[in-house]
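What you see is a predicted model, and the numbers here were worked out from it, not measured in a lab.
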Amino acid sequence: MRIEEIVKEKKVDWKKIIPTAVLLCAMFFLGRTIAAVVAQVQASEAWNSQILTSENWGLGFGEEGAQPTGNASGQELAQYNAYFVGDAEQKVIYLTFDCGYENGNTEPILDALKKHNAPATFFVVGHYLESAPDLVKRMVEEGHTVGNHTYHHPDMSKISDKAAFQEEMDSVKNKFTEITGMDMTMYYRPPQGKYSTTNLQMAKDLGYSTFFWSLAYVDWNVDNQPSHEEALDKLCKRIHPGAIVLLHNTSRTNGEIMDELLTKWEEMGYTFGCLEDVMQ
């Protein structure tokens with residue numbers, strides 16, 4: 001029996017079958033497209049999560065004098081107004097100091113900075129503002145920037161409540177204004193370099209720029225300070241264009257070598273800049 005006869009005998013209604021077939025095909029291909037898009041989005045989210053939700057800022061160093069890599073790229077951090085290094089083509093150093101408390105080493109650091117006309121940013125906690133207001137005033141008077149290092153120096157990556165996060169920040173900001181009569185520059189450094197994308201976004205929403213670093217060394221242990229030679233060796237070998245340098249004001253070694261360190265960096269062709277230039 002011929003096809004035509006079969007169709008005629010079975011009375012196949014092609015007008016109904018064809019649209020249904022077309023619809024099924026369209027649904028099939030649409031489903032595949034949606035699945036592919038979902039997979040791509042999930043992969044992208046996993047990648048971003050891998051890069052940006054790490055709770056500890058870290059660096060990887062390559063060749064001597066070259067910029068390191070961070071556990072988040074500059075491009076990824078930029079969406080949160082966060083930074084860790086400056087222009088790789090400019091031999092400029094950005095000096096930053098984390099100030100947890102005062103033990104007599106900030107004054108020689110300030111003396112050396114003044115001698116070299118080198119601006120710095122001091123990230124302070126609440127205790128420092130309470131216990132060393134005169135030094136905070138001196139920082140401002142000598143042209144330095146004072147940034148926010150939170151009031152109690154907690155692990156901010158564990159704070160998911162926006163009100164609690166803001167309280168840590170506002171307490172520092174308000175105390176600084178009380179001491180100096182000036183508004184605090186909206187720079188933030190997460191204590192211990194611990195962070196999450198949630199509080200990077202919170203800081204951004206509050207108007208802050210977050211600054212990590214591209215060079216640091218073990219200077220925070222006051223009971224086990226590095227020798228002058230060890231400190232100078234590490235800080236000169238690893239210096240690089242656009243370096244945001246993290247140092248601690250509590251370090252006796254830093255207070256003792258600062259003049260010599262700044263001199264050595266200048267002899268290497270470096271100048272000192274302000275963090276605002278990193279955001280350009």
Side-chain angles (χ1 to χ4, degrees), residues 46-98 109 112-113 116-121 123 147 187 189-190 192-195 197 200 209-221 224-249 251 253-254 256-280:
W47 172 249
N48 287 336
S49 175
Q50 178 183 359
I51 292 177
L52 286 171
T53 57
S54 170
E55 295 184 353
N56 294 283
W57 179 248
L59 296 168
F61 286 87
E63 295 181 8
E64 185 176 310
Q67 288 190 342
T69 57
N71 59 352
S73 70
Q75 184 178 4
E76 293 289 343
L77 289 174
Q79 64 184 307
Y80 299 100
N81 291 346
Y83 311 89
F84 81 99
V85 71
D87 190 341
E89 303 301 319
Q90 300 291 326
K91 295 190 74 172
V92 179
I93 296 170
Y94 304 95
L95 297 168
T96 71
F97 295 85
D98 284 3
I109 289 172
L113 294 174
H116 291 263
N117 195 28
T121 299
F123 289 96
Y187 294 166
R189 172 162 285 158
Q192 305 174 63
K194 294 184 176 181
Y195 70 101
T197 53
L200 288 180
S209 295
T210 299
F211 288 95
F212 293 102
W213 57 88
S214 63
L215 175 60
Y217 80 119
V218 183
D219 64 344
W220 58 85
N221 187 346
N224 186 24
Q225 282 289 286
S227 68
H228 290 195
E229 293 74 21
E230 180 185 1
L232 290 167
D233 182 65
K234 288 183 177 180
L235 291 170
C236 288
K237 280 185 176 179
R238 290 187 175 180
I239 197 64
H240 50 270
I244 296 179
V245 182
L246 163 61
L247 300 169
H248 286 81
N249 74 306
S251 167
T253 298
N254 288 343
E256 292 170 350
I257 70 167
M258 192 55 52
D259 181 21
E260 183 178 359
L261 176 63
L262 298 181
T263 298
K264 285 183 177 294
W265 278 340
E266 288 170 332
E267 290 172 350
M268 295 170 70
Y270 285 94
T271 59
F272 306 104
C274 299
L275 285 180
E276 63 181 339
D277 297 331
V278 175
M279 300 185 291
Q280 302 301 319

Fill in the blank from the handout: For Asp87, the salt bridge (charged side-chain N to carboxylate O under 4.0 Å, His left out) test, sequence neighbours excluded, returns none

Exercise for the section: Over all heavy atoms of both residues, which pair between Leu113 and Phe97 is shortest? Give the atoms and the distance, please. Expected result: CD1-CE1, 4.1 Å

Practice task
Measure across Pro190 and Thr210 and return the closest heavy-atom pair with its distance rounded to 0.1 Å.
Solution key: CD-CG2, 3.7 Å

Practice task
Kindly give the heavy-atom pair with the smallest separation between Phe272 and Val92, and that separation in Å.
Solution key: C-CG1, 4.2 Å

Practice task
Decide yes or no for Ile239 and Val245: does some side-chain heavy atom of the first lie under 4.5 Å from some side-chain heavy atom of the second?
Solution key: yes

Exercise for the section: Could you grab the distance from atom CD1 of Ile109 to atom CG of Leu95, nearest 0.5 Å is fine? Expected result: 10.5 Å

Problem - Worked check of side-chain contact (heavy atoms from CB on, under 4.5 Å) between Trp220 and Gln192 - result: CA-CA 11 Å; Trp220 58 85; Gln192 305 174 63; over 6 Å; no

Practice task
Would you please name every residue forming a side-chain hydrogen bond (donor to acceptor under 3.5 Å, both in side chains) with Gln67, sequence neighbours left out?
Solution key: none

Handout entry: For Pro241, all residues meeting side-chain contact (heavy atoms from CB on, under 4.5 Å), sequence neighbours excluded
Key = Lys91, Tyr270

Handout entry: Side chain to side chain, Leu59 and Phe212, heavy atoms closer than 4.5 Å
Key = no

Exercise for the section: List in chain and number order the residues that pass side-chain contact (heavy atoms from CB on, under 4.5 Å) with Asn117, two or more places apart in sequence or in another chain; answer none if no residue qualifies. Expected result: none

Completion exercise
Applying side-chain hydrogen bond (donor to acceptor under 3.5 Å, both in side chains) to Ser209 and not counting sequence neighbours gives none

Handout entry: Arg238 side chain to Gly65 backbone, donor-acceptor under 3.5 Å
Key = no

Practice task
Starting at CG of Leu235, measure out to CE of Met258 and round the result to the nearest 0.5 Å.
Solution key: 8.0 Å

Practice task
Kindly write out the residues that satisfy side-chain contact (heavy atoms from CB on, under 4.5 Å) with Asp219, not counting sequence neighbours, or none if the list is empty.
Solution key: Tyr217, Leu247, His248, Ser251, Asn254

Fill in the blank from the handout: Taken in chain and number order and not counting sequence neighbours, the residues that satisfy side-chain hydrogen bond (donor to acceptor under 3.5 Å, both in side chains) with Glu230 are Lys234

Exercise for the section: Determine whether the aromatic ring centres of Tyr94 and Phe211 lie less than 6.0 Å apart. Expected result: no

Completion exercise
Note: Pro119 and Gly273 closest approach over all heavy atoms is CG-O, 3.8 Å

Exercise for the section: Quick one: which residue pairs count as a salt bridge (Lys or Arg N to Asp or Glu O under 4.0 Å) with a foot in residues 260-280, not counting sequence neighbours? Expected result: none

Exercise for the section: First locate atom CH2 of Trp265, then atom OG1 of Thr271, and finally report the distance between them rounded to the nearest 0.5 Å. Expected result: 12.5 Å

Completion exercise
Asp233 meets the side-chain contact (heavy atoms from CB on, under 4.5 Å) criterion, sequence neighbours left out, with Lys237

Handout entry: With sequence neighbours excluded, residues passing ring pair (Phe, Tyr, Trp, His ring centres under 6.0 Å) with Phe84
Key = Trp57

Practice task
Check Ile244 against Thr96 and note the closest heavy-atom contact, atom names and distance.
Solution key: CG2-CG2, 4.0 Å

Problem - Rounded distance (nearest 0.5 Å) linking atom CG of Leu200 with atom CG of Leu77 - result: 7.0 Å

Practice task
For Thr121, check side-chain hydrogen bond (donor to acceptor under 3.5 Å, both in side chains) against everything at least two apart and list the hits.
Solution key: none

Exercise for the section: Could you check Leu232, Ile257, Thr253 and say which one makes a side-chain contact (heavy atoms from CB on, under 4.5 Å) with Pro226? Expected result: Thr253

